[in-house]
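Report on the following structure.
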Amino acid sequence: DWVDLRDVVTAAVKRTERLARRHAIKVDIAPDTPLLCLDAVLMEQVIFNLLDNACKYAPPGSPVKVWAKRTADHIAIEVADQGPGIPPEDREKVFDMFYRVRAADTQEAGTGLGLAICRGIVEAHGGTIKAEPGLHGAGTCIIIHLPPPPDLDLDGKGNP
Ligand code: ATP
Ligand code: MG
């Protein structure tokens, strides 16, 4: 279906907020973000898994941000927090099944499947997902790149 990312992100944010964790989730979807052909239920699960991680691993009250924009050759969706971050040597492994960074993480509810599921869903849509440090090198930023819709007017001038 052709889906508005705004609806997908809003649904995921509501679901995260229902877990009653004390985080201010900021949403910023660029107005020129095009409709995308994707599975809304699965993509909501992806955004929810990322927000769930941000709220689980970052300190209560710290800001969590999700934003989306179109770039020259894809649609970028990012979820950023100001938590402990993911060490460089673990940034690829966190997408493996059952992998958890800190021994203490196993005391948190969860299975270590969240990010593996995210990668599977994003790749099924032809996209990529990676973990990077957040703003100013602190915290975590998960970056999703989705292919643009086939008829996307990339430069806004009618040129495909
Ligand atoms: P589940 O998602 O299945 O409930 P989980 O959160 O442990 O369990 P993933 O979401 O796959 O599993 O994350 C894997 C590991 O990556 C986590 O256990 C944690 O160590 C690390 N991690 C993921 N997101 C963050 C984050 N935002 N900040 C710090 N560490 C993170
Ligand atoms: Mg998780």
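Given the structure is predicted, the values throughout are model-derived calculations rather than measurements. Both ligands and their constituent atoms are indexed starting at 1 by order of listing.
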Region of [X] that comes within reach of ligand 1 [heavy atoms, distance under 4.0 Å]:
{"X": "D81", "value": "side chain"}
{"X": "V101", "value": "both"}
{"X": "L115", "value": "both"}

With distance as the sole test, does [X] use its side chain to make a donor-acceptor pair with the main-chain N or O of [Y] at under 3.5 Å?
{"X": "R6", "Y": "A30", "result": "yes"}
{"X": "H23", "Y": "K56", "result": "no"}
{"X": "D1", "Y": "V3", "result": "no"}
{"X": "D81", "Y": "T140", "result": "yes"}
{"X": "R91", "Y": "K130", "result": "no"}

Under 4.0 Å from a heavy atom of [X]: which atoms of ligand 1 are those, numbered in the order shown and with their elements?
{"X": "G114", "answer": "1 (P), 2 (O), 3 (O), 9 (P), 10 (O), 11 (O), 12 (O)"}
{"X": "G110", "answer": "1 (P), 4 (O), 8 (O)"}
{"X": "Y99", "answer": "14 (C), 15 (C)"}
{"X": "R102", "answer": "19 (C), 20 (O), 29 (C), 30 (N), 31 (C)"}

Close N or O approach (D52, ligand 1; < 3.5 Å):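 No.
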
Heteroatom proximity flag, I86 to ligand 1, N/O under 3.5 Å: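 By distance alone, the answer is no.
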
Nearest-0.5 Å distance, CD1 of residue I142 to CD of residue E132: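 The distance works out to 9.0 Å.
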
Residue N53, metal the Mg ion (ligand 2), N/O/S under 2.8 Å: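 N53 does place an N, O or S atom closer than 2.8 Å to the Mg ion (ligand 2).
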
Distance-minimising heavy-atom pair for I75 and P148: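 So the minimum-distance heavy-atom pair works out to CG1-CA, 4.2 Å.
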
Flag if over 12 foreign heavy atoms under 6.0 Å of NZ, K26: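 12 or below, so no.
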
Best match, R119, Q82, R100: closest heavy atom to atom 7 (O) of ligand 1: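 Going through R119, Q82, R100 one by one, R100 has the nearest heavy atom to atom 7 (O) of ligand 1.
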
Option from L51, I29, T33, V79 for which side-chain contact (heavy atoms from CB on, under 4.5 Å) with V9 holds: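 Single pass found, and it is I29.
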
Below 4.0 Å from ligand 1: does a non-hydrogen atom of [X] turn up there or not?
{"X": "G85", "result": "yes"}
{"X": "G112", "result": "yes"}
{"X": "N49", "result": "no"}

